[in-house]
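To start, the structure itself, in structure tokens.
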2 protein chains.
Amino acid sequence: MSRINVTYRISAARDQLEGIARALALEQSVEVPAEVVTDPFIAESIMGRVVEVRAAEDDAPHEVVIGLATATTGLDVAQTVNMLFGNSSLHAHVELVDVDFPPEFLAHFSGPRFGIEGIRRILQSGPRPLTCAALKPQGLSTEALASLAYTLACSGVDIVKDDHGLADQAYSPFPQRIAACQRAIARASRETGRACLYAPSLVGSPGALVAQAQIAREAGVGAVLLAPALVGMPVFHELVALHVEVPVIAHPAYAGAVRVAPPLLLGKLFRWLGADAVIFPNFGGRFAYSREDCAGIANNARGAWGGYATTLPVPAGGLTTDRVTELVGFYGPDVMLLIGGALLMPAERLSERTRNFVAAVKTGHAAYAATCGVATG
Amino acid sequence: MSRINVTYRISAARDQLEGIARALALEQSVEVPAEVVTDPFIAESIMGRVVEVRAAEDDAPHEVVIGLATATTGLDVAQTVNMLFGNSSLHAHVELVDVDFPPEFLAHFSGPRFGIEGIRRILQSGPRPLTCAALKPQGLSTEALASLAYTLACSGVDIVKDDHGLADQAYSPFPQRIAACQRAIARASRETGRACLYAPSLVGSPGALVAQAQIAREAGVGAVLLAPALVGMPVFHELVALHVEVPVIAHPAYAGAVRVAPPLLLGKLFRWLGADAVIFPNFGGRFAYSREDCAGIANNARGAWGGYATTLPVPAGGLTTDRVTELVGFYGPDVMLLIGGALLMPAERLSERTRNFVAAVKTGHAAYAATCGVATG
């Protein structure tokens with residue numbers, strides 16, 4: 001029987017570590033004391049096992065690796081999350097750091113359907129960093145949002161996404177808003193001769209999400225935005241598999257899990273669930289993710305993994321054009337830079353600032369390519 | 001336009017607090033700098049407002065209250081969570097502590113359908129503490145689980161619930177398991193003449209949950225167990241409203257992964273979503289919730305709130321019979337005590353230990369009633 005190796009970070013005194021590791025192996029599997037497990041099948045094939053205890057040189061945090069039986073997941077998304085971190089998420093001293101799924105587990109899920117290559121194919125883009133801008137603030141009328149979308153698309157960004165705060169609100173109802181914004185983007189694409197995708201934000205209960213996905217499909221949108229932690233990771237996975245035929249951009253809203261390491265949650269688990277691109281708080285912005293976490297997210301999103309397509313990293317959160325060259329150098333060409341609010345302020349020079357952003361990415365990429373000897377697209 | 005007053009706990013230097021509060025009001029509403037908001041409707045009716053800044057006497061944590069426009073929620077569960085804590089969940093210095101929904105917002109949602117009174121009516125119980133036990137460990141066959149259910153029900157517990165680790169696994173497939181356990185409980189009820197409810201655990205993607213709810217309904221189960229954080233809060237709410245006709249017990253699995261205060265998440269938000277009972281890690285057990293948090297959960301679950309039915313608090317997590325009197329004294333009669341693993345060890349005296357647990361609750365309640373002058377039921 002195969003095992004999923006799960007790495008947890010433990011904040012505790014060093015002499016308690018072995019005991020905590022054994023308790024964790026029980027908590028995330030049989031959830032009873034080991035003495036209760038008298039059935040040999042359960043003891044051998046179901047009960048979690050301590051695979052490794054990595055005591056830190058000095059004080060905490062330490063790491064432990066627990067082997068969980070793949071069979072306990074029932075190959076279901078919700079139950080997998082339950083087995084990885086159901087009860088232990090309630091333990092303040094435990095953080096979920098990494099997961100190593102066995103090949104037959106991975107093979108049961110499809111991962112991203114488009115990935116970086118698929119998104120490039122649709123955009124007819126070579127291996128260059130992509131650009132993204134956001135429609136906001138919420139409260140604008142449908143007409144104002146569509147006009148904003150048109151300007152952004154004409155100014156050369158690759159993807160125009162809804163702010164994740166846009167939902168089905170009275171001041172810009174979902175059906176009209178999605179139709180108007182998609183028409184605006186399509187008109188801009190026709191006029192510029194350059195592909196641009198509109199990614200509306202889908203948010204709601206499962207029934208509402210299916211209805212929104214259908215409206216978006218009928219409007220002909222080029223991508224969608226979905227927040228897995230907000231709608232529920234199992235919902236995200238099922239919706240993408242059954243009801244969405246375009247690339248999916250995952251948004252980190254409500255994913256601020258202190259106790260799940262960002263490279264695992266945003267880079268690995270969201271990719272497992274089928275995200276083609278993943279937005280995350282860039283280092284040095286208005287969110288506090290570290291350089292290491294951002295590199296970890298990008299590595300997990302783009303690295304070789306069980307035959308899955310890659311996921312496009314989308315650093316965001318208070319980005320400004322003056323950081324573009326630095327970030328293209330940091331992430332390389334397989335990235336999409338997202339600038340939101342900074343393009344909108346003040347409103348009268350939106351187009352100029354957006355063109356500057358797009359040009360800066362091109363310049364930054366040329367500099368990167370000259371240094372690193374990669375092709376420009 | 002009405003506002004939702006949201007309280008956040010802030011870890012920061014005191015002189016940064018005002019700026020952080022203003023940033024939070026923007027982040028959780030328009031998500032652009034205030035200068036960008038030139039539209040008077042947005043500035044007046046959509047943009048978040050700082051309602052109160054409560055600097056702590058000494059150092060952090062401080063508290064701030066932000067007024068969010070109810071209109072931004074679209075009266076949708078996922079979007080409400082998005083507005084309360086979408087982006088700010090990514091800020092390590094911010095914790096979501098409390099929410100004050102306006103009456104017209106609350107009126108749009110139904111809350112618990114049964115609540116404490118409804119559960120008591122089904123169990124034909126007076127105002128006494130109820131008892132609950134769990135079917136585990138996972139890995140047991142369907143027959144072994146049904147036999148365990150029969151023994152627990154015969155020994156006098158009010159509700160027998162699945163361990164939340166039981167899903168649709170190869171070693172005890174959901175349909176057969178639910179039918180067998182429900183038959184066992186029904187037989188025990190007939191023999192003892194005492195009501196006992198079986199609460200199977202539903203877990204999976206929306207499609208699987210609907211199918212499981214139907215199987216459970218056809219089997220005639222008396223309650224269900226669902227983990228809102230695992231399946232997604234919007235899914236929980238929709239499933240309960242549309243597909244479940246019996247009391248719903250909310251489980252806290254994966255709910256520790258977000259930076260939301262337990263009294264709010266487990267006591268208030270789960271009640272808002274329709275939980276009739278809520279399991280939470282009791283103080284002094286193998287989880288680290290404080291007495292204050294447990295009292296806060298119980299108060300939020302049982303207090304008067306917008307005409308909603310109450311939610312039954314279910315403290316759990318390493319409970320043992322020797323703590324029953326203490327806990328009945330702490331929580332009073334409107335509680336259900338859940339003992340899991342401790343009843344099962346060692347297996348041969350399960351019935352005796354379960355009877356002792358039930359008797360201890362009765363004794364504890366009699367002592368409590370004599371002291372406090374409440375009726376015994």
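Letters A, B, ... mirror the listed sequences (proteins, then strands); counts begin at 1. Bear in mind that the values here come from a model prediction, so they are computed numbers and not experimental data. Only heavy atoms go into these numbers, but all of them, side chains included; no hydrogens, no water, no symmetry mates.
Highest contact tally toward chain A, considering only B/L96, B/V231, B/L209, is held by B/V231 [criterion: heavy-atom pairs under 4.5 Å]. Per-residue counts of heavy-atom pairs under 4.5 Å with chain A were compared for B/A170, B/A227, B/G207; the largest is that of B/G207. Annotation: maximal heavy-atom pairing with chain A below 4.5 Å, among B/A253, B/P206, B/A167, occurs at B/P206. Per-residue heavy-atom pair counts under 4.5 Å with chain A were compared for B/P137, B/G232, B/A23, and the maximum is reached by B/P137. Taking chain B as the reference chain and counting heavy-atom pairs below 4.5 Å, the highest number among A/A134, A/P33, A/S45, A/G204 is found for A/G204. Interface remark: of the candidates A/H251, A/M47, A/Q79, A/Q79 forms the most heavy-atom pairs closer than 4.5 Å to chain B. Between chain A and the residues B/L26, B/L166, B/T80, B/V235, the largest count of heavy-atom pairs under 4.5 Å involves B/V235.
Using a 3.5 Å distance cut-off with no hydrogens or angles, the side chains of B/Q28 and B/S88 do pair a donor with an acceptor. B/Q176 and B/T142 form no side-chain donor-acceptor contact under 3.5 Å, judged by distance and modelled atom types alone. For the 3.5 Å distance criterion, the side chains of A/E104 and A/T70 fail to qualify, holding no donor opposite an acceptor.
Remark: the backbone N or O of B/E95 is not paired with any side-chain donor or acceptor of B/R9 at under 3.5 angstrom. When atom types are taken as modelled, the side chain of B/R49 and the backbone of B/E44 share a donor-acceptor pair closer than 3.5 angstrom. Looking only at distances, a side-chain donor or acceptor of A/D162 sits under 3.5 Å from a matching main-chain atom of A/S201.
Interface residue A/Q138: backbone and side-chain heavy atoms are both found under 4.5 Å from chain B. In this structure, chain B has no heavy atom under 4.5 Å from any part of A/F236. At a 4.5 Å heavy-atom cutoff, the contact between A/L140 and chain B is made by backbone and side-chain atoms alike. Proximity to chain B involves both the backbone and the side chain of A/H164, based on heavy atoms less than 4.5 angstrom apart. For A/S29, the part lying under 4.5 angstrom from a heavy atom of chain B is the backbone only. For B/F280, no part lies under 4.5 angstrom from a heavy atom of chain A. Both the backbone and the side chain of A/N82 come within less than 4.5 Å of a heavy atom in chain B. Both the backbone and the side chain of A/P252 come within less than 4.5 Å of a heavy atom of chain B. For chain B, no part of A/A92 is nearby; none of its heavy atoms comes within less than 4.5 Å.
Screening A/I279, A/L152, A/L135 against A/K161 for a side-chain contact (heavy atoms from CB on, under 4.5 Å) leaves a single residue, A/I279.
In this pair, A/H237 and A/F109 present their aromatic rings perpendicular. The plane angle is above 60°, beyond the 30 to 60° band.
Rounding to the nearest 0.5 Å gives a distance of 4.5 Å between CG of A/N87 and CD of A/E27. Atom CG in B/D168 sits 10.5 Å away from atom CG in A/L75 (nearest 0.5 Å).
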